[in-house]
2 protein chains.
Amino acid sequence: MPTAALPVWSEIRGDLLRMIHTGAWKPGDQIPNEVELASTYGCTRSTVSRALRDLAEAGFLVRRRKSGTRVAANPTRRAPLEVPIIGDAIKAAGHAYRFELVERKLKTAPVNVTQALGMPAGIDLLHVQVVHRGGNLPLQFEDRWLNPLAATGISQADLATIAVDRWLLQFAPLGNATIAIMAEAAGEDIADALDLRTGDPVLVVERTSFRLSKPLSFLRLVHRPGHRITTAI
Amino acid sequence: MPTAALPVWSEIRGDLLRMIHTGAWKPGDQIPNEVELASTYGCTRSTVSRALRDLAEAGFLVRRRKSGTRVAANPTRRAPLEVPIIGDAIKAAGHAYRFELVERKLKTAPVNVTQALGMPAGIDLLHVQVVHRGGNLPLQFEDRWLNPLAATGISQADLATIAVDRWLLQFAPLGNATIAIMAEAAGEDIADALDLRTGDPVLVVERTSFRLSKPLSFLRLVHRPGHRITTAI
DNA sequence: TAGTGGTCTAGACCACAAA
DNA sequence: TTGTGGTCTAGACCACTAG
């Protein structure tokens with residue numbers, strides 16, 4: 001019974017990974033160079049190189065010209081943290097999705113917002129507040145400040161019909177962003193919007209995003225207690 | 001003044017990425033195939049393939065045999081979430097690091113722990129509790145259940161001298177794990193350990209890890225209010 | 001200076017999935 | 001059936017850097 005025929009480079013990667021996991025190669029150890037491994041596995045250098053590059057990108061190996069390849073000494077694993085469209089995530093969880101536009105107004109942005117976006121204090125930004133519901137339960141409170149100069153066309157968008165995050169994705173797919181996750185006590189406004197008691201612990205995700213190197217949006221996503229952000233290494 | 005000489009595949013990647021960011025190629029659009037792109041850029045198919053593969057791994061493109069390459073319709077960005085050694089992180093933040101071993105005892109594990117680890121209920125695991133301090137301020141409360149059968153040698157380890165997480169890294173580098181992040185209200189024990197008031201919002205990270213496909217450790221990391229987990233896309 | 005990884009070529013065959 | 005991406009080879013030259 002043959003196992004599933006994986007590509008050679010993938011087999012090699014698994015083999016090398018096993019050497020690390022079992023402790024045959026310990027953190028800091030130097031491993032054979034590409035030419036040696038190629039002859040060991042009976043393939044070309046390109047093929048082992050593919051495996052080694054993959055392991056290096058995953059953080060298992062550290063590669064340097066001339067000095068060779070070593071097992072990472074201080075391996076910091078990186079778990080992929082997904083950033084989905086809110087509505088899609090709620091639907092995927094099996095709930096009926098609905099959202100309410102609470103506010104949509106050009107206002108003077110608070111200092112913490114302009115600072116995060118690297119914009120001058122006192123500037124006017126588009127303030128958008130949305131409550132996202134799954135099966136009538138308010139799951140997320142979205143509080144967003146948008147730069148109308150970077151998000152041209154947002155003025156014409158009907159944000160009561162299309163969720164802001166979806167609109168942004170269509171308009172400005174995949175820019176840069178910084179993300180912060182924290183726990184906070186719900187204030188009165190949040191408690192009101194999410195139907196909680198003041199002081200209840202809420203999970204907050206702040207995202208500052210840029211489009212073509214220009215400030216685009218500062219977002220605070222407040223999650224209902226019990227919400228878990230999950231991932232796997 | 002020549003710009004820094006990037007590899008060809010990297011230049012191509014940047015070029016293609018620009019097509020996406022500027023909206024020349026929109027989500028769902030099909031882009032030219034490898035052979036066309038190779039002739040466009042005057043290089044071999046391998047080189048454009050490298051660029052395309054990179055963009056696909058980053059989530060910008062979706063590639064399928066026969067049907068070709070398209071701009072991702074529902075692009076989910078992945079932010080790298082780092083999992084550092086606690087002591088290193090505290091030192092890197094500029095604080096003096098110190099930790100206290102609160103408990104280290106073989107006990108019957110609670111159901112939620114055995115369930116997460118996929119172990120039979122009622123089994124005995126090594127329970128370890130540690131308070132991590134930065135500059136005398138308790139920053140994290142670590143509550144861990146270890147499988148002594150997978151972590152052979154933990155019985156001999158002096159966990160008052162070496163932090164558990166560091167010991168584990170030496171012993172079982174880089175296994176698999178699932179991670180969950182949530183907000184909770186501090187219970188009495190947590191409030192006591194972290195010098196908080198009961199009910200204060202704390203950020204909790206749960207990590208269930210495996211070594212060579214065997215259950216290794218269930219960890220709850222409770223962070224002091226104000227702590228932020230940060231990353232960038 | 002020499003050893004190592006990084007890149008690139010010009011091919012080839014194969015696996016998959018849409019028509 | 002056939003177009004597409006996925007893999008692999010056997011070379012080559014280059015870039016970086018430790019000794």
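Here the structure is a predicted model, which is why all the values come from computation and not from measurement. Note: hydrogens, waters and symmetry copies are ignored here, and every other heavy atom, side chains too, is used. Chain identifiers are assigned alphabetically (A, B, ...) following the order of the sequence lines, protein sequences preceding nucleic acid strands; residue numbering begins at 1 within each chain.
Atom CD in A/E34 sits roughly 15 Å away from atom C1' in D/dG11 (whole-Å rounding). At whole-Å resolution of the value, OH in A/Y41 and C1' in D/dC8 are 17 Å apart. In this structure, CG of B/L6 is placed 10 Å from P of C/dC8, rounded to the nearest angstrom. Following rounding to the nearest Å, B/R13 (CZ) and C/dC8 (P) show an atom-to-atom distance of 11 Å. Atom CZ of A/R65 and atom P of C/dG3 are 17 Å apart (whole Å). Across the protein-nucleic acid pair, B/D54 atom CG and D/dG6 atom C1' stand 16 Å apart, rounded to whole Å. Separating the CG atom of B/L55 from the P atom of D/dG5 is a distance of 14 Å, rounded to the nearest angstrom. Regarding A/L37, its CG atom lies at a distance of 12 Å from the P atom of C/dT4, rounded to whole Å.
Taking 4.5 Å as the limit, some side-chain heavy atom of A/R133 sits within range of a side-chain heavy atom of A/E100.
Here the nucleotide nearest the side chain of A/P7, chosen from C/dT4, D/dC8, C/dG6, is D/dC8. Side chain of B/S46, nearest nucleotide from D/dC8, D/dA18, C/dC8: D/dC8. For B/W9, the listed nucleotide lying nearest its side chain is C/dC8; candidates were D/dG5, D/dG3, C/dC8.
Residues B/E142 and B/R220 are not paired through a salt bridge, judged by the lack of any N-O separation under 4.0 Å between the basic side chain and the carboxylate. A salt bridge is absent between B/R53 and B/E34: the closest approach of a Lys/Arg side-chain nitrogen to an acidic carboxylate oxygen does not fall below 4.0 angstrom.
Checking A/S10 against A/R64, the closest nucleotide of DNA chain D that is more toward the 5' end is the one next to A/S10. Mapping A/R53 and A/K66 onto DNA chain C via the closest heavy atom, the residue that lands nearer the 5' end is A/K66. Place A/C43 and B/R45 on DNA chain D by their nearest nucleotides, and B/R45 ends up nearer the 5' end.
Close to C/dG3, at under 4.0 Å from its OP1 or OP2, lies no side-chain N or O of A/S67. A sub-4.0 Å separation between OP1 or OP2 of C/dT9 and a side-chain N or O of B/T47 is present.
Ring planes of A/H132 and A/F99: tilted class, angle from 30 to 60°.
Side chains of B/N147 and B/R211: a donor-acceptor N/O pair is absent below 3.5 angstrom, by distance only.
Contacts of A/V8 with the nucleic acid, taken as non-hydrogen atoms under 4.0 Å apart, involve only primed sugar atoms and P, OP1 or OP2.
Both distances falling under 3.5 Å, in either a Watson-Crick or a G-U wobble arrangement, occur for no nucleotide opposite D/dG19.
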